[in-house]
S.K.: 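Got a structure here, written out as structure tokens. Questions coming.
Note that the structure is a prediction, hence the values are computed from the model and not measured.
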Amino acid sequence: MSATARLAELGLTLPAVVTPLAAYVPAVRTGDLVYTSGQLPIADGELKGRGKVGDAVSPEDGRELARLCALNALAAVDALVGLDNVARIVKVVGFVASAPGFNGQPEVVNGASELLGEVFGAAGTHARSAVGVAELPRDAPVEVELIVEVN
């Protein structure tokens, strides 16, 4: 089943590509790889959460925001090469703006990883980093970037 068909089956639609907030592009292809810029949890032009996970943002909400970040990253990939040309997800890097003492970054970034598994099946399994940081752009709680192999 194609990734586009699987998204539809899951009841998901790709959002419009988020307009870059600074001097970069949403995604770049080099050879068989597409690298996405870090994607924030933006929908309909609005940041859907603000603050630190483990304080103003619950880990469960952070997980949902990471899922939205991954959906935005897939939109960037789709706009560049077409989602159905994805051969596999190679790596996910997730940044979690973390309150002092919060160490549940892996569970937060699971929101992105699990979405990719739902869409791509075995081709959605990937290497990953889940990093706690003090601050993210625009006071976002989560940011996700992808490295994707394409046909």
S.K.: Could you check whether E145 pairs with K91 (Lys NZ or Arg NE/NH1/NH2 to Asp/Glu carboxylate O, under 4.0 Å)?
M.R.: no
S.K.: Are the side chain of R128 and the backbone of G94 linked by a donor-acceptor contact shorter than 3.5 Å?
M.R.: no
S.K.: Quick one: does S129's side chain have a donor or acceptor within less than 3.5 Å of a partner on V93's backbone?
M.R.: no
S.K.: Do D78 and L74 make a side-chain contact, defined as non-hydrogen atoms from C-beta onward lying under 4.5 Å apart?
M.R.: no
S.K.: Side chain of R6, backbone of E118: donor and acceptor closer than 3.5 Å?
M.R.: yes
S.K.: Do P26 and V18 have side-chain heavy atoms sitting under 4.5 Å apart?
M.R.: no
S.K.: Taking atom CG of N151 as the centre, report whether more than 12 heavy atoms of other residues, nucleotides or ligands fall under 6.0 Å from it.
M.R.: yes
S.K.: Please report, to 0.1 Å, the donor-acceptor pairs under 3.5 Å made by any side chain of residues 81-90, with sequence neighbours excluded.
M.R.:
unit_1 : atom_1 : unit_2 : atom_2 : d
D84    : OD1    : A3     : N      : 3.1
D84    : OD1    : T4     : N      : 2.9
D84    : OD1    : T4     : OG1    : 3.0
D84    : OD2    : T4     : OG1    : 3.0
N85    : ND2    : V81    : O      : 2.6
R88    : NH2    : T125   : O      : 2.6
R88    : NH2    : T125   : OG1    : 3.4

S.K.: Is the backbone N or O of V25 less than 3.5 Å from a side-chain atom of S37, with the two atoms forming a donor-acceptor pair by type?
M.R.: yes
S.K.: Ignoring hydrogens and geometry, is there a side-chain-to-backbone donor-acceptor pair from K52 to E135 under 3.5 Å?
M.R.: no
S.K.: Counting heavy atoms not belonging to R29, are there more than 12 under 6.0 Å from its CZ?
M.R.: yes
S.K.: Please check if the side chain of R67 supplies one atom and the backbone of C69 the other of a donor-acceptor pair under 3.5 Å.
M.R.: no
S.K.: Please walk me through it: do L40 and L21 pass side chain to side chain contact (heavy atoms under 4.5 Å, CB included)?
M.R.: CA-CA 10 Å; L40 300 179; L21 303 174; 3.6 Å; yes
S.K.: Using a strict threshold of under 4.0 Å (side-chain N to carboxylate O), is an ion pair present between R63 and E114?
M.R.: yes
